[in-house]
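When a residue number appears, it is its place in the shown sequence, counting from 1.
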Amino acid sequence: MARKTRKELTVDNAVNSSLISEKVYKTAVYVRLSVEDIRKKISDSIGTQKAMLLQYIQTQSDLQLYKIYEDINYTGTNFNRPGFTKMIEDVQSGAIDCVVIKDLSRFGRNFEETGHYLEQVFPFLQIRLVSVNDNYDSLTATLDETTLIVPLKNLINEVYARDISKKVQSGFKQKQNRGEFCGSFAPYGYIKNGDSFIVDEETAPVVKQIFTWVTEKYSDIAIAQKLNGLKITPPSRYRFEKGITKAKKHEDTKFWYKSAIKRITENPAYTGILAQGKYQSNFLNGNGRIEKNRDEWIIRENAHTAIIEKEIFDTVQKIRLQRKESVKNNKSNSNNENIFKGLIFCADCKKNMYRHKSRRADGSIDYSFLCNVYEQVDKNACTKKQIKETDLREALYYYIDRQIKLVVDISHIIQNIKKEHTYKEQNDTFDKQINELKQELQQNQRYRGSLREDYVDGVINEQDYINMKSEYEEEKNTLQNELDLLVSNKFQHDAMLSGENKCINEFRKFENERNLSAQMVSALIERIEVMDYNRVKVYFKYRDELNYILSYIGNKEQEAANATHE
C-alpha cells in the first residue's frame, strides 16, 4: 500500500471531518511543596501531585507534556522560586503554551501577584491554565469563573496563608516559653536530643579551641584559616555528612569562614543558656526575618550542659566589642561608594572578591579588591590576586567606552538596513515559512486523526498502521521543532533590529558620559573576573543580543560583497 495514495484518499474529506485533531498544547506541570506542608507531614507530596497531574494529562488528547517544574521548601506567598522562574522563562520563550496545576494554592497564595499572572500575563501571552482540583480551564471557563471565582479563590488562599503564619508563630512562642527548642538542628558542638541538646564529643573540642584562640587575640579570619589548615570539616558540611541536614548545597561546602567564627563565639548556648526568639520570622513573607532586641529574647538558664565557662564567654564578648569599636573608630568619614559591589570575582575560585581599604603615609585612602578565599580562608585553595580600584575604574571605562561606540555604529547601520527592501523581504520570508509550516502541521494532524479509523475499518493492516503512525509522529515532531525555531528567530530578528531595542538603548544612555558611574556599571556590566597580573575579563549584559546583531550585519555585508562580484 502506497502512503501517497492514503493521503490522497484523506484530503478530500478532511476539511469537514470530525476526525480533525484539535490543537495540541505544549504543557508544563507545576508542583510546589512549602516548608509548612513538610512540617505538617501532609499527604499532598510532590510525588502525589506529579502522579495526579501526569495521569490527568494522559486523559487529555490536546495536552502534551513538555516538562515538570517543581519547588520544594518554597512558600506560595511570593514568586521568588527557581522552578517557577524557569517555567515563566520557558513560557516567555514560547516553549510552553499551557500550565497544569493541582489547585490554585500550589500556584501561589499571594492575591495580588497571583492575580497578575492569571489575569494579565497568561492571557496576554495566550497561555492556557488548567487547575485540576478547582475544575478550572481557562480555555473553556465562563466569564464568571475567570472574573469572579478565580480571584475569590486566590483571596481565600492568601487569607489562609496569613492565618497559618499567625498560628505557626503562636505555636513556636508557646513552645519557647516552655523551654522547648524549636530550631531544626542544634548549634555546632551539640546534638539535638528531643527539645534540648547534648554535647557532641566530636565537635565540642573544636568549639573550645575557637574560644581559646579568640582570648589569644586571633582574628576571626585567622581562626578560619587555622581550621581550614587543620582540615577540620566546617559546620554545614559536618551536619550533612552526619545526616542532620539533607540539603545538597552543604555537600560541597569546603571551608570555614569568618562568619561561622562570629556566629559560634557570639552564641550564649555554649554556656548552657537556651536563647530563642532572637528573630521575628513571618512565613507569609518567605524567608524574611527581623533581628529582635536582646531584652525580647526568651531565655532559659541551665537548659543543657555548658561547653564554655561563662567567664571565658564574657571575656570573648568584651574582646569582640573592643574590635567592633576599633573598626568603627577607624572608619573613614569619606563616602567612597563601592560601585562594583557584587560584581568582582576571582577568575580561579569564582568567589566574590572583597574590597580592602588601606591608608597611605600621607593619610589618603586606597581601595583594592582581593581574593577572599586566598586572603581569608585558605592560601592553598587559590592564588593571590589584587587589583587597585583606581586601575579597575580606568580599565573598565575604556572597555565600556569602546562598547558604547560600537553600539552607536551598530544603531546607525541598523537604521540603514531597515530602509532597504531586503529587510522587509526577510520579514515576509519569515511569515511565509511560518504559515507553510503551520499548514503542514495541520495536514499532519488530519492524517493522524483519520489513521485510527482506517485501521478499524480495515483500510490498512496493523503493521501499516504502526509504521504510518510512527512516520506521522516523527514528521509532526520535526515540523514542530522547525516551527518553534523559526518563530524564535523571527521574534529575535524583530526584537534585535527594532528601534525599541533595549540592548542598544541601554548603551546609548551613557553615550555622552565621560566618567564611570554606578548607574553605568549597574546597567551594562554583568560580571568582572580578575586574573593574575592585574588582568580582567569583563562580561557585558546583552552580549548575546549584540553578537546576534553583529552576525546579522556581517551576513548582510557578505551578501552585498557577493552581489558586487557577480
Engineer: Answer yes when R527 and E529 have at least one side-chain N-carboxylate O distance shorter than 4.0 Å, and no when they do not.
Structural biologist: yes
Engineer: In a check of side-chain contact (heavy atoms from CB on, under 4.5 Å) between Y270 and each of I264, V316, T265, which one passes?
Structural biologist: I264
Engineer: Could you check D378 against K254 for salt bridge (Lys or Arg N to Asp or Glu O under 4.0 Å), going step by step and ending with a plain yes or no?
Structural biologist: CA-CA 10 Å; D378 185 352; K254 297 179 180 179; over 6 Å; no
Engineer: Among side-chain atoms of N267 and Y188, is any donor-acceptor pair under 3.5 angstrom?
Structural biologist: no
Engineer: Let me confirm one number: the OG-CZ distance from S236 to F185, rounded to the nearest 0.5 Å.
Structural biologist: 8.5 Å
Engineer: Counting distance only, does the side-chain N/O of N228 pair as donor-acceptor with the main-chain N or O of A224 below 3.5 Å?
Structural biologist: yes
Engineer: Which atom names give the shortest non-hydrogen contact between Y218 and A222, and what distance separates them?
Structural biologist: CD2-CB, 4.0 Å
Engineer: Please round to the nearest 0.5 Å and tell me the distance separating atom CD of Q376 and atom NE2 of H356.
Structural biologist: 10.0 Å
Engineer: Return yes if some donor-acceptor pair links the side-chain N/O of K217 with the main-chain N/O of T215 below 3.5 Å, else return no.
Structural biologist: no
Engineer: Does CD belonging to E309 count more than 12 external heavy atoms closer than 6.0 Å?
Structural biologist: no
Engineer: Does a side chain donor of either D71 or Y30 reach within less than 3.5 Å of an acceptor in the other side chain?
Structural biologist: yes
Engineer: Evaluate the side chain to side chain contact (heavy atoms under 4.5 Å, CB included) criterion for residues L227 and W213: first the C-alpha distance (whole Å), next the side-chain angles of each, then the deciding distance (0.1 Å), finally the verdict.
Structural biologist: CA-CA 11 Å; L227 293 169; W213 278 331; 3.8 Å; yes
Engineer: Closer than 3.5 angstrom, by distance alone: can the side chain of K350 be matched with the main-chain N or O of A347 as a donor-acceptor pair?
Structural biologist: yes
Engineer: Could you tell me if the side chain of Q317 sits less than 4.5 Å from the side chain of L321, heavy atoms only?
Structural biologist: no
Engineer: Could you go through L396 and V536, starting from their C-alpha distance and side-chain angles, then the distance that decides it, and tell me whether this counts as side chain to side chain contact (heavy atoms under 4.5 Å, CB included)?
Structural biologist: CA-CA 9 Å; L396 195 58; V536 297; over 6 Å; no
Engineer: Look at the aromatic rings of F507 and F540 and report parallel, tilted or perpendicular, splitting at 30° and 60°.
Structural biologist: tilted
Engineer: Looking at every non-hydrogen atom in both residues, tell me the closest pair between V530 and K385 and how far apart they are.
Structural biologist: O-CD, 3.3 Å
Engineer: I want to check something: taking the side chain as every heavy atom from C-beta on, are I400 and F510 in contact at a cut-off of under 4.5 Å?
Structural biologist: no
Engineer: Compare all side-chain heavy atoms of I221 with those of Y257 and state whether any distance is below 4.5 angstrom.
Structural biologist: no
Engineer: Should the pair D314-K310 be classified as a salt bridge under the 4.0 Å nitrogen-to-oxygen rule?
Structural biologist: yes
Engineer: Does the distance from a Lys or Arg side-chain N to an Asp or Glu carboxylate O, for R237 and E251, drop under 4.0 Å?
Structural biologist: no
Engineer: Would a 4.5 Å heavy-atom cut-off, applied to side chains only, mark R393 and I339 as touching?
Structural biologist: yes
Engineer: So, do V29 and Y69 sit near enough that their side-chain heavy atoms are less than 4.5 Å apart?
Structural biologist: no
Engineer: Within this structure, what is the CD1-NZ distance for the pair I307 and K208, rounded to the nearest 0.5 Å?
Structural biologist: 7.5 Å
Engineer: What is the distance from atom CG of L230 to atom CD of Q225, rounded to the nearest 0.5 Å?
Structural biologist: 12.0 Å
Engineer: Looking only at side chains, do T203 and D200 share a donor and an acceptor under 3.5 Å apart?
Structural biologist: yes
Engineer: Could you please spell out the steps behind the side chain to side chain contact (heavy atoms under 4.5 Å, CB included) verdict for Y399 and I528?
Structural biologist: CA-CA 12 Å; Y399 278 127; I528 302 168; over 6 Å; no
Engineer: In Å and rounded to the nearest 0.5 Å, what is the CD to CZ distance from E311 to F313?
Structural biologist: 12.0 Å
Engineer: Checking K388 against Y367 for the side chain to side chain contact (heavy atoms under 4.5 Å, CB included) test, could you report, in this order, the C-alpha distance in whole Å, the side-chain angles of both residues, the deciding distance, and whether it holds?
Structural biologist: CA-CA 6 Å; K388 288 185 177 181; Y367 290 95; over 6 Å; no
Engineer: Are D220 and R320 side-chain neighbours, meaning at least one heavy-atom pair lies under 4.5 Å?
Structural biologist: yes
Engineer: Should D532 and K384 count as an ion pair when the cut-off is N to O under 4.0 Å?
Structural biologist: no
Engineer: Would you call K405 and D409 a salt bridge, using N to O less than 4.0 angstrom?
Structural biologist: no
Engineer: When you measure from the centre of the six-membered ring of F84, is the NZ or CZ of R32 closer than 6.0 Å and no more than 45° off the axis?
Structural biologist: no
Engineer: With no hydrogens and no angle check, is any side-chain donor or acceptor of K541 less than 3.5 Å from a backbone partner on S522?
Structural biologist: yes
Engineer: Taking I232's backbone N and O only, do any of them form a donor-acceptor pair with W256's side chain (distance below 3.5 Å, no angle check)?
Structural biologist: yes
Engineer: If you measure from CG on L343 to CG on L392, what distance do you get to the nearest 0.5 Å?
Structural biologist: 10.0 Å
Engineer: Is the closest side-chain heavy-atom distance between F197 and L274 below 4.5 Å?
Structural biologist: yes
Engineer: Could you tell me if the side chain of Y398 sits less than 4.5 Å from the side chain of R402, heavy atoms only?
Structural biologist: yes
Engineer: Strictly below 4.0 Å, N to O, side chains only: are R514 and D401 in salt-bridge contact?
Structural biologist: no
Engineer: State whether E266 and K324 are salt-bridged, where the test is any N-O pair (Lys NZ or Arg NE/NH1/NH2 against Asp/Glu carboxylate O) under 4.0 Å.
Structural biologist: yes
Engineer: Can K379 be said to sit on top of Y374's aromatic six-ring, NZ or CZ under 6.0 Å from centre and within 45° of the ring axis?
Structural biologist: yes
Engineer: Which atom pair, heavy atoms only, marks the closest approach of S93 to D90?
Structural biologist: OG-O, 2.9 Å
Engineer: For the residue pair Q386 and S368, what are the closest heavy atoms and their distance?
Structural biologist: NE2-OG, 3.5 Å
Engineer: Which heavy atom of A28 sits nearest to which heavy atom of I96, and what is that distance?
Structural biologist: CB-CD1, 3.7 Å
Engineer: Assess the pair H304 and Y190: is the distance between their ring centroids shorter than 6.0 Å?
Structural biologist: yes
Engineer: Indicate yes or no for a side-chain donor-acceptor contact from S196 to the backbone of N193 under 3.5 Å, with no hydrogens or angles considered.
Structural biologist: no
